Chemist: 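Below: one structure in structure tokens.
A, B, ... follow the sequence lines: proteins, then strands. Residue 1 opens every chain. This one's a predicted model, so the numbers in the text were calculated from it and none came from an experiment.
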Number of protein chains: 2
Amino acid sequence: MKRDSRLSGVLHVLLHMAQQPGPFTSETLAKAMDTNPVVIRRIMAGLRELDYVRSEKGHGGGWTLACDLSKVTLRDVYAALGSPSLLAMGHRTESPGCLVEQAVNAALDQAFHDAEALLLRRLGEVTLAMLGEDLRKRLGSRKIQDISAHRA
Amino acid sequence: MKRDSRLSGVLHVLLHMAQQPGPFTSETLAKAMDTNPVVIRRIMAGLRELDYVRSEKGHGGGWTLACDLSKVTLRDVYAALGSPSLLAMGHRTESPGCLVEQAVNAALDQAFHDAEALLLRRLGEVTLAMLGEDLRKRLGSRKIQDISAHRA
DNA sequence: CATCATGCAACATGTAAAGTTACATGAAAC
DNA sequence: GTTTCATGTAACTTTACATGTTGCATGATG
């Protein structure tokens with residue numbers, strides 16, 4: 001199954017934006033992510049809706065952070081993407097008239113639900129600020145890498 | 001994202017097989033699952049590899065259970081399918097030369113790994129025998145439903 | 001040897017993310 | 001005001017993968 005990488009992608013973008021001021025154009029961000037500007041706009045649209053970022057048109061326009069990074073968790077970002085399904089597995093039918101199917105679904109649902117809940121809890125425990133802090137540690141003494149120097 | 005339903009499907013088949021003796025043809029099982037015989041053969045191939053089921057050709061042939069249901073867990077069945085990815089989300093690149101990407105991946109991996117581990121643990125706690133027991137409870141006083149009477 | 005069943009390869013379909021193209025909208029620079 | 005830059009969005013193409021389908025080879029039973 002093809003895996004959804006929007007969460008990873010949007011976090012990457014946000015973290016880059018947190019490293020330097022100034023608005024970033026979709027094109028700049030797209031180059032850094034090795035993707036297309038339209039894709040950037042798509043995944044950022046949900047964040048703008050929730051006022052996590054702001055976008056402006058015209059000269060000097062682009063994307064700007066507009067939230068307290070210590071107040072936004074990875075779960076919030078996930079929700080901003082529309083809460084796509086987390087699990088790669090599901091049932092074949094949603095209305096099981098067959099008792100065998102019901103028994104199977106009950107067992108799987110239990111496990112799936114627990115895993116999903118744990119995942120959401122974990123995502124809710126990490127803020128963007130914490131991610132930024134972790135990044136700073138990784139950077140160590142090194143200079144902060146300019147986004148334009150992003151290597152694919 | 002489209003969700004993989006092979007685990008649900010194969011469990012459905014196994015549980016049906018546990019309800020009555022005799023070999024089942026792929027066609028019979030396929031009708032019960034409202035799918036194609038070839039699909040049945042595909043998902044059963046992995047189980048045969050691990051000797052959970054046996055298949056025989058020719059007249060009177062078909063699929064037969066060949067394991068102790070109290071010794072095979074849902075996790076075993078999952079593994080027999082080739083351990084397809086459990087989570088619907090992943091990273092964009094696997095070799096992150098970018099420190100930002102590394103920081104993001106580290107955070108997500110942590111959460112993903114925990115959820116995956118929990119899910120596997122849960123699946124490992126349920127045996128096919130337990131599923132069968134649960135099914136018997138659901139059946140209650142009702143007669144055991146013949147597989148040929150399976151309603152879609 | 002005819003029939004039934006699996007084994008398997010090859011191809012078709014459905015779905016969703018990801019990528020692309022095209023054009024409209026609005027803001028700043030000149 | 002018109003040119004330039006940037007987002008907004010719809011429509012389309014591509015890609016990946018589960019699923020569905022067809023055809024034929026293989027082997028077992030009657």
Chemist: Using whole Å, what does the distance between atom C1' of nucleotide dT7(D) and atom CG of Leu47(A) come to?
Modeler: 15 Å
Chemist: Can you pull out every side chain to side chain donor-acceptor pair (under 3.5 Å) where at least one residue sits in residues 44-53 of chain A? Sequence neighbours excluded, please.
Modeler: Arg48(A)-Ser55(A)
Chemist: Nearest heavy-atom pair of Pro23(A) and Gly60(A): which atoms, and what distance?
Modeler: CG-O, 3.3 Å
Chemist: Specify the closest pair of heavy atoms between Leu119(A) and Ala115(B), including all atoms of both residues, with the distance to one decimal.
Modeler: CB-CB, 3.7 Å
Chemist: Between Arg6(B) and dT19(D), is there a contact of a side-chain N or O with OP1 or OP2 at under 4.0 Å?
Modeler: yes
Chemist: Per the side chain to side chain contact (heavy atoms under 4.5 Å, CB included) rule, which among Leu74(B), Asp76(B), Leu65(B) passes with Leu128(B)?
Modeler: Leu74(B)
Chemist: May I ask you to evaluate whether Ser5(B) reaches the phosphate of dT19(D), defined as a side-chain N or O under 4.0 Å from OP1 or OP2?
Modeler: yes
Chemist: Nearest whole Å is fine: how far is dA17(C) P from His91(B) NE2?
Modeler: 18 Å
Chemist: What string of B, S and - do you get for nucleotides 25-30 of chain D, 5' to 3', when a contact is any protein heavy atom under 4.0 Å?
Modeler: -BBBB-
Chemist: Less than 3.5 Å apart, any donor N or O on the side chain of Thr28(A) or Thr25(A) sitting next to an acceptor on the other?
Modeler: yes
Chemist: For the pair Glu125(A) and Arg121(A), find out whether any cationic side-chain nitrogen is under 4.0 Å from an anionic carboxylate oxygen.
Modeler: no
Chemist: Could you give the CD-to-C1' distance, from Glu49(A) to dT7(D), as a whole number of Å?
Modeler: 15 Å
Chemist: What's touching nucleotides 20-23 of chain C from the protein side, N or O pairs under 3.5 Å?
Modeler:
from    : atom 1 : to       : atom 2 : distance (Å)
dT20(C) : OP2    : Asn36(A) : ND2    : 3.4

Chemist: Check the phosphate of dT6(C) against Ser55(B), side-chain N and O only, distance under 4.0 Å to OP1 or OP2. Yes or no?
Modeler: no
Chemist: Ile40(B) CD1 to dA5(C) C1': how many Å, rounded?
Modeler: 14 Å
Chemist: Checking all strands, does Arg48(A) fall into the base, sugar-phosphate, or nothing category for heavy-atom contacts under 4.0 angstrom?
Modeler: sugar-phosphate
Chemist: Starting from Leu14(B), can I reach Val39(B) by hopping between I/L/V/M/F/W/Y residues whose side chains sit under 4.5 Å apart?
Modeler: no
Chemist: Rounded off to whole Å, could you give me the CD-to-P distance for the Glu27(B) and dT3(C) pair?
Modeler: 16 Å
Chemist: Grab the CZ-P distance between Arg54(A) and dG8(D) for me, whole Å please.
Modeler: 13 Å
Chemist: Using whole Å, what does the distance between atom P of nucleotide dT7(D) and atom CZ of Phe24(A) come to?
Modeler: 12 Å
Chemist: Whole Å only: how far is the CH2 atom of Trp63(B) from the P atom of dT6(C)?
Modeler: 7 Å
Chemist: Of all the heavy-atom pairs spanning Arg92(A) and Ser8(B), show the shortest one and how long it is.
Modeler: N-OG, 3.7 Å
Chemist: Check the pair Glu133(A) / Lys137(A) against salt bridge (charged side-chain N to carboxylate O under 4.0 Å, His left out), numbers first and verdict last.
Modeler: CA-CA 6 Å; Glu133(A) 197 47 47; Lys137(A) 278 202 204 96; 5.5 Å; no
